[in-house]
**Student:** 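I have a structure here, written as structure tokens, and I will follow up with some questions on it.
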Amino acid sequence: MRIMVTGGTGFIGYHTVMALLEAGLEVSLLVRSEEKMRRMYGDLADIDFTLGDIGDADSVNEALQNCDGVVHVAALVSTQAADAERVYQTNLQGTRNVLGGAAEMGLQTIIHVSSVTALYDPSAEVLNEDSPPGPNPRGYGRSKVACEKYARSLQDQGHPVYITYPATVLGPEAPEMTEAHIGLQTYLSKFVPLMSSGNQYVDARDIARAHAHILQYEVPSNRYILGGHYLSWKALAPVLESITGSRIVTLPISGKLMRLAGSLADRLAPVLNLDLPITREGLNYATQWVMLDNSRIETELDFEFRPVDETFSDTIRWLYQQGEISAREAGRLAD
């Protein structure tokens with residue numbers, strides 16, 4: 001079975017590729033940089049590749065040739081207001097090229113890696129696979145809603161499209177620091193904000209395992225939430241303290257005030273030409289989280305998410321090994 005993966009040099013994509021290879025599947029990649037791919041995968045002889053971009057239909061179709069399935073992970077991720085239109089156009093066109101091209105070629109399994117942001121609705125009590133695409137007007141979320149609607153339209157037409165919805169993704173062995181890794185680095189080195197709401201964390205290796213399962217076996221449903229474990233902001237610091245053995249500083253902050261600060265940052269960033277660490281969109285999610293219901297994948301696929309302590313421990317240990325945090329911040333995990 002030959003599977004094409006987009007975004008294979010990114011965090012989720014890398015772990016998905018490794019899971020597919022471990023399962024004995026043949027993998028092909030669509031990559032923009034052969035140098036980056038070689039640096040990540042070394043001399044793995046099982047990986048074929050096509051140089052190109054998801055925005056270019058010709059290179060996408062070339063990469064899909066002779067494949068049985070595809071996992072579409074690639075997306076431009078940014079909650080910066082200045083990036084909104086570029087994010088929207090890039091992600092929607094890429095999704096149309098990959099999913100639409102795969103459907104037209106008759107591939108047997110087409111996986112679209114969506115996001116909680118595609119379903120996000122702050123007025124909802126819980127989000128599950130039957131939740132409608134969210135009323136999200138902002139950049140990255142707006143792009144994921146548009147991609148979600150397109151993927152569901154293919155499902156409605158009877159194409160074998162499967163959608164996964166990861167929450168906040170953590171884990172070791174990231175090709176580069178993600179927003180979630182930078183967030184964890186901040187909690188360890190500076191403070192944990194005690195805001196309203198909380199967050200759900202899912203391990204990239206669990207996402208990869210879910211993708212491998214969908215590709216290899218018949219599954220009852222065509223959409224699966226990958227929410228992992230929920231932690232309120234108040235619960236996060238004690239978890240990190242128990243893992244590292246180090247004291248974590250906390251700082252009470254109003255969620256409403258943080259959202260206002262995010263709006264101000266959105267306005268100032270392009271004027272001052274600064275890459276500010278906060279955005280209104282990001283803080284909407286952080287302070288008004290809506291719970292993701294994992295029950296469908298847990299029940300239908302007998303799927304078990306690894307403990308959140310294991311994910312945090314492995315991630316912190318990796319951050320220390322990469323020199324992204326100090327021995328003091330890693331605590332006992334630096335030993």
Side-chain angles (χ1 to χ4, degrees), residues 1-77 86-115 143-144 146-148 150-151 153-155 157 159-164 166 174-176 204 207-216 222:
M1 191 176 189
R2 178 180 171 90
I3 308 300
M4 197 272 273
V5 180
T6 70
T9 56
F11 186 30
I12 295 175
Y14 169 77
H15 282 284
T16 294
V17 168
M18 298 309 291
L20 300 186
L21 292 176
E22 186 177 350
L25 304 182
E26 184 181 354
V27 173
S28 174
L29 302 179
L30 175 66
V31 298
R32 290 183 296 175
S33 169
E34 180 179 355
E35 179 184 358
K36 183 177 181 180
M37 185 205 70
R38 296 293 185 194
R39 187 169 66 249
M40 287 177 56
Y41 292 103
D43 297 325
L44 282 174
D46 295 315
I47 297 184
D48 194 9
F49 70 94
T50 299
L51 281 176
D53 186 270
I54 59 172
D56 175 38
D58 289 339
S59 61
V60 169
N61 290 335
E62 180 183 348
L64 289 170
Q65 293 295 323
N66 302 314
C67 289
D68 303 293
V70 62
V71 184
H72 177 43
V73 187
L76 181 57
V77 180
R86 183 167 63 96
V87 166
Y88 180 82
Q89 296 297 337
T90 298
N91 291 345
L92 182 55
Q93 188 58 52
T95 297
R96 286 173 172 165
N97 288 341
V98 177
L99 302 189
E104 187 173 336
M105 290 183 183
L107 270 63
Q108 66 187 51
T109 309
I110 304 167
I111 298 178
H112 172 56
V113 184
S114 186
S115 165
S143 79
K144 297 305 287 185
C147 294
E148 176 74 13
Y150 178 72
S153 74
L154 293 177
Q155 290 180 332
Q157 295 169 36
H159 294 291
V161 174
Y162 300 82
I163 308 176
T164 60
E176 54 197 12
I207 300 171
R209 186 161 49 93
H211 292 158
H213 186 108
I214 294 169
L215 286 163
Q216 293 179 93
N222 57 10

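All heavy atoms count here, side chains included; hydrogens, waters and symmetry mates do not. Only a predicted model underlies this, so the values are computations on that prediction, with no experimental measurement involved.
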**Student:** Only pairs under 3.5 Å count here: list side-chain donor-acceptor contacts from residues 99-112, not counting sequence neighbours, and write none if there are none.
**Tutor:**
none

**Student:** What distance do His213 atom NE2 and Gln216 atom CD have between them, rounded to the nearest 0.5 Å?
**Tutor:**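 Nearest 0.5 Å value for the NE2-CD distance: 8.5 Å.
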
**Student:** Could you walk me through whether Val5 and Leu20 satisfy the side-chain contact (heavy atoms from CB on, under 4.5 Å) test, starting with their C-alpha distance in whole Å, then the side-chain angles of each, then the deciding distance to 0.1 Å, before giving a yes or no?
**Tutor:** CA-CA 10 Å; Val5 180; Leu20 300 186; 4.0 Å; yes

**Student:** Could you check Leu64 against Val70 for side-chain contact (heavy atoms from CB on, under 4.5 Å), going step by step and ending with a plain yes or no?
**Tutor:** CA-CA 8 Å; Leu64 289 170; Val70 62; 4.0 Å; yes

**Student:** Please check this pair: side chain of Gln155 against backbone of Asn222, looking for a donor-acceptor N/O pair closer than 3.5 Å.
**Tutor:** yes

**Student:** Can you tell me how far the CD1 atom of Ile214 sits from the CZ atom of Arg209, to the nearest 0.5 Å?
**Tutor:**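 The distance works out to 11.5 Å.
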
**Student:** Spell out, as yes or no, whether a donor-acceptor pair under 3.5 Å connects the side chain of Asp68 to the backbone of Arg2.
**Tutor:** yes

**Student:** Rounded to the nearest 0.5 Å, how far apart are SG of Cys67 and CD of Glu26?
**Tutor:**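 Interatomic distance, Cys67 SG to Glu26 CD, rounded to 0.5 Å: 8.0 Å.
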
**Student:** Please step through side-chain contact (heavy atoms from CB on, under 4.5 Å) for the pair Tyr41 and Val17, ending with a clear verdict.
**Tutor:** CA-CA 10 Å; Tyr41 292 103; Val17 168; 3.5 Å; yes

**Student:** Rounded to the nearest 0.5 Å, how far apart are CG of Asp56 and OG1 of Thr50?
**Tutor:** 11.0 Å

**Student:** Which pairs with one or both residues in residues 3-25 pass side-chain hydrogen bond (donor to acceptor under 3.5 Å, both in side chains), sequence neighbours excluded?
**Tutor:**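 Found Thr6-His72, Thr16-His211.
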
**Student:** Do you know the tightest heavy-atom contact between Pro166 and Ile207?
**Tutor:** CB-CD1, 3.6 Å

**Student:** Rounded to the nearest 0.5 Å, what's the gap from OG on Ser115 to CD1 on Ile12? Could you check?
**Tutor:** 8.5 Å

**Student:** Would you say Val71 and Leu215 make side-chain contact, with heavy atoms under 4.5 Å?
**Tutor:** yes

**Student:** Is any side-chain N of the basic residue among Lys144 and Glu148 closer than 4.0 Å to the acidic one's carboxylate O?
**Tutor:** no

**Student:** Test side-chain contact (heavy atoms from CB on, under 4.5 Å) on Ser114 and Thr164 and set out the steps.
**Tutor:** CA-CA 6 Å; Ser114 186; Thr164 60; over 6 Å; no

**Student:** For Gly7 and Ala74, which heavy atoms make the closest approach, and how far apart are they?
**Tutor:**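 Scanning both residues, the minimum pair turns out to be N-CB, 3.5 Å.
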
**Student:** To the nearest 0.5 Å, how far apart are CE in Met4 and CZ in Phe49?
**Tutor:** 14.0 Å

**Student:** Of all residues at least two apart in sequence or in a different chain, which pass the ring-ring contact (aromatic ring centres under 6.0 Å, His included) check with His159?
**Tutor:** none

**Student:** Could you tell me if Ser143 and Asn91 have a donor-acceptor pair between their side chains, going purely by distance under 3.5 Å?
**Tutor:**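 Checked: Asn91/Ser143 side chains pair up, N/O donor to acceptor below 3.5 Å.
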
**Student:** Could you tell me whether the side chain of Lys36 reaches within less than 4.5 Å of the side chain of Arg39, counting heavy atoms only?
**Tutor:**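 Yes, side chains in contact.
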
**Student:** Answer yes if the side chains of Asn61 and Gln65 hold a donor-acceptor pair under 3.5 Å, and no otherwise.
**Tutor:**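 Distance-only check fails for Asn61 and Gln65.
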
**Student:** What I'd like to find out is whether the side chain of Asn97 reaches to under 4.5 Å of the side chain of Ile54, using heavy atoms alone.
**Tutor:** no

**Student:** Evaluate whether atom CD of Glu35 has more than 12 neighbouring non-hydrogen atoms of other residues, nucleotides or ligands under 6.0 angstrom away.
**Tutor:** no

